[in-house]
Novice: 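To start, I am sharing the structure in question, which I have written as structure tokens.
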Amino acid sequence: MSFADCSAARRRELIEALGLVPHPEGGFFREIHRATATVISPRCGQPRSCLTDIYFLLAAGQVSRFHRVVHDELWHFYEGAPLQLFEFDPCGGELQSTLLDPGARPPRFAHCIPGGVWQAACSCGDYSLVGCCVAPGFDFADFAFLSDDPAASDLLRARHPAHTRLL
């Protein structure tokens with residue numbers, strides 16, 4: 001069996017064993033924790049779980065499309081190929097990139113995307129299994145796609161045409 005076959009088998013095994021399902025932004029996920037305690041979000045003024053956590057898997061060729069959530073999101077690496085994270089600021093048109101890579105020197109296992117920042121991700125190999133914690137907790141009411149913001153998505157296309165696949 002080739003390495004590619006092994007990786008594809010491992011990816012399928014993880015999706016099944018972890019009970020992952022397709023995510024609207026791309027890839028596969030499963031919520032593994034939603035705190036029962038709630039807080040009033042300082043950003044949206046609504047009650048939210050104190051913390052949510054998901055497993056998230058991106059396979060080769062899949063992307064987590066540019067999106068934003070209202071609260072901070074902490075990404076942490078578990079297994080597979082390094083994960084490339086992108087942050088886009090439409091005010092200045094800047095695009096930053098962070099690589100979650102346990103094999104780097106020094107290794108990088110986690111990165112926080114501040115609330116309200118446009119973010120996207122892709123695997124640098126066959127698959128990347130990561131976790132994402134949001135606090136206060138994730139709610140789809142606090143979620144938006146960059147593609148739904150014409151001015152911001154036009155700016156990304158103009159300034160960073162190589163990254164339009166992430167829309």
Novice: Would you give the length of the straight line joining atom SG of Cys122 to atom CD of Gln84, rounded to the nearest 0.5 angstrom?
Specialist: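 One finds 6.0 Å between SG of Cys122 and CD of Gln84.
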
Novice: Closest approach of Trp118 and Ala144, non-hydrogen atoms and distance?
Specialist: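 It is CZ3-O, 3.5 Å.
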
Novice: Do Leu74 and Val69 belong together in a cluster built from hydrophobic side chains that touch within less than 4.5 Å?
Specialist: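 As far as the 4.5 Å side-chain criterion goes, Val69 and Leu74 are not connected within one cluster.
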
Novice: Please evaluate residues Gln96 and Phe88 with respect to the criterion side-chain contact (heavy atoms from CB on, under 4.5 Å), reporting the C-alpha separation (whole Å), side-chain torsions for both, the decisive distance (0.1 Å), and the verdict.
Specialist: CA-CA 7 Å; Gln96 295 180 352; Phe88 179 61; over 6 Å; no

Novice: Apart from Leu51 itself, which Ile, Leu, Val, Met, Phe, Trp or Tyr residues share its cluster (side-chain heavy atoms under 4.5 Å, direct or through members)?
Specialist: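 Traced through the cluster, Leu51 reaches no other member.
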
Novice: Closest approach of Val39 and Cys50, non-hydrogen atoms and distance?
Specialist: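 Nearest pair, atom of Val39 first, then Cys50: CG1-SG, 3.6 Å.
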
Novice: So, using side chain to side chain contact (heavy atoms under 4.5 Å, CB included) as the criterion, who are the partners of Ser147 when residues are at least two apart?
Specialist: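 Counting only residues at least two positions away or on another chain, Ser147 forms a side chain to side chain contact (heavy atoms under 4.5 Å, CB included) with Arg65, Phe145.
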
Novice: Under 4.5 Å between side-chain heavy atoms, chaining through other members, with only Ile, Leu, Val, Met, Phe, Trp and Tyr counted: pull out the rest of the cluster around Phe56, sorted by chain and number.
Specialist: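 Other cluster members: Val21, Phe29, Ile54, Leu58, Trp75, Phe77, Leu83, Leu85, Leu100, Ile113, Val117, Val130.
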
Novice: Examine distances only and state if a side-chain atom of Ser49 and a backbone atom of Ala35 form a donor-acceptor pair shorter than 3.5 Å.
Specialist: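 Side chain of Ser49 to backbone of Ala35, a donor-acceptor pair under 3.5 Å: yes, one is there.
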
Novice: Quick one: CD on Gln119 to CZ on Phe66, what's the gap to the nearest 0.5 Å?
Specialist: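 It comes to 9.0 Å.
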
Novice: Checking Asp72 side chain against Gly115 main chain: does a donor-acceptor pair fall under 3.5 Å?
Specialist: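 Such a contact is found between Asp72 side chain and Gly115 backbone.
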
Novice: Could you report the tightest heavy-atom contact between Gly93 and His160, atom names first, then the distance?
Specialist: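 Looking at all heavy atoms of both residues, the shortest contact is O-NE2, 2.7 Å.
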
Novice: Using a 3.5 Å distance criterion without hydrogens, assess whether the side chain of Arg30 forms a donor-acceptor pair with backbone atoms of Leu18.
Specialist: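 The answer is yes, because a donor-acceptor pair under 3.5 Å joins these two groups.
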
Novice: Between the main-chain N or O of Leu14 and the side-chain N or O of Arg12, is there a donor-acceptor pair closer than 3.5 Å?
Specialist: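 A pair under 3.5 Å: no.
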
Novice: Taking only residues two or more places apart in sequence or in another chain, which ones pass side chain to side chain contact (heavy atoms under 4.5 Å, CB included) with Tyr78?
Specialist: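 Applying side chain to side chain contact (heavy atoms under 4.5 Å, CB included) to Tyr78 gives Tyr55, His76, Leu129.
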
Novice: Measure from the side-chain N and O atoms of Ser128 to the backbone N and O of Ala81, and report whether any donor-acceptor pair falls under 3.5 Å.
Specialist: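 Judged by distance alone, yes, a pair lies under 3.5 Å.
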
Novice: Hydrophobic clusters join Ile, Leu, Val, Met, Phe, Trp and Tyr when side-chain heavy atoms are under 4.5 Å apart, directly or via other members; which others share one with Leu99?
Specialist: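 Direct or chained contacts put Leu99 with none.
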
Novice: Roughly how far, to the nearest 0.5 Å, is CD1 of Ile32 from CG of Asp53?
Specialist: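 Atom-to-atom, Asp53:CG and Ile32:CD1 are 4.0 Å apart.
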
Novice: Can you name the residues that form a ring-ring contact (aromatic ring centres under 6.0 Å, His included) with His33, not counting sequence neighbours?
Specialist: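 With sequence neighbours excluded, His33 shows a ring-ring contact (aromatic ring centres under 6.0 Å, His included) to no residue whatsoever.
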
Novice: What pairs with Glu13 under side chain to side chain donor-acceptor pair (under 3.5 Å), at least two apart in sequence or on another chain?
Specialist: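 Side chain to side chain donor-acceptor pair (under 3.5 Å) list for Glu13, sorted by chain: Arg10.
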
Novice: Looking at every heavy atom in both Asp126 and Ala8, which two are closest together, and how far apart are they?
Specialist: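 The pair with the smallest heavy-atom distance is OD2-N, 3.3 Å.
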
Novice: Going by heavy atoms in the side chains, are Pro42 and Pro136 under 4.5 Å from each other?
Specialist: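 Contact flag for Pro42/Pro136 side chains = yes.
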
Novice: In chain order, what residues pass the salt bridge (charged side-chain N to carboxylate O under 4.0 Å, His left out) check against Arg157, with sequence neighbours excluded?
Specialist: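 Scan of Arg157 (salt bridge (charged side-chain N to carboxylate O under 4.0 Å, His left out), adjacent residues dropped) gives Asp154.
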
Novice: Over all heavy atoms of both residues, which pair between Leu155 and Pro90 is shortest? Give the atoms and the distance, please.
Specialist: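 Looking at all heavy atoms of both residues, the closest pair is CD2-O, 3.0 Å.
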
Novice: With sequence neighbours left out, write down each residue that passes side chain to side chain donor-acceptor pair (under 3.5 Å) with Gln62, or none if nothing qualifies.
Specialist: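 For Gln62, no residue satisfies side chain to side chain donor-acceptor pair (under 3.5 Å) once neighbours in sequence are set aside.
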
Novice: What's the spacing between Phe28 CZ and Arg11 CZ if we round to 0.5 Å?
Specialist: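 Atom-to-atom, Phe28:CZ and Arg11:CZ are 8.0 Å apart.
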
Novice: As an exercise, state the distance from OG of Ser153 to CG of Leu146, rounded to the nearest 0.5 Å.
Specialist: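 If we round to the nearest 0.5 Å, Ser153:OG and Leu146:CG are 5.5 Å apart.
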
Novice: Who passes side chain to side chain contact (heavy atoms under 4.5 Å, CB included) against Pro107, sequence neighbours left out?
Specialist: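 Pro107 satisfies side chain to side chain contact (heavy atoms under 4.5 Å, CB included) with Arg105, Phe109 once adjacent residues are dropped.
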
Novice: Looking at residues at least two apart in the chain, or sitting in another chain, which of them share a side chain to side chain contact (heavy atoms under 4.5 Å, CB included) with Val70?
Specialist: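 Per chain and number, Val70 pairs via side chain to side chain contact (heavy atoms under 4.5 Å, CB included) with Arg43, Asp142.
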
Novice: Given the side-chain rings of His67 and Phe143, with only the six-membered ring counted for Trp, is the space between their centroids under 6.0 Å?
Specialist: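 So the answer is yes for these two rings.
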
Novice: What closest approach, in Å, do Ala60 and Gly125 show between heavy atoms, and which atom pair accounts for it?
Specialist: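 Looks like CB-O, 3.3 Å.
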
Novice: Drop me the distance from His71's NE2 to Thr52's OG1, to the nearest 0.5 angstrom.
Specialist: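 So the gap between those two atoms works out to 10.0 Å.
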
Novice: Apply the hydrophobic cluster definition, ILVMFWY joined by side-chain contacts under 4.5 Å directly or through others, and give me every member besides Ile40.
Specialist: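 Its cluster partners, ordered by chain and number, are none at all.
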
Novice: Charged N to carboxylate O below 4.0 Å: is that the case for Arg48 and Asp139?
Specialist: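 Answer for the salt bridge query: yes.
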
Novice: Say whether, by atom type as modelled, one donor and one acceptor occur between the side chain of His23 and the main chain of Glu25 under 3.5 angstrom.
Specialist: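 Such a contact is found between His23 side chain and Glu25 backbone.
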
Novice: With side chains defined as the heavy atoms from C-beta onward, is the minimum distance between Glu87 and Arg68 less than 4.5 Å?
Specialist: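 Of all side-chain heavy-atom pairs linking Arg68 with Glu87, none is under 4.5 Å.
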
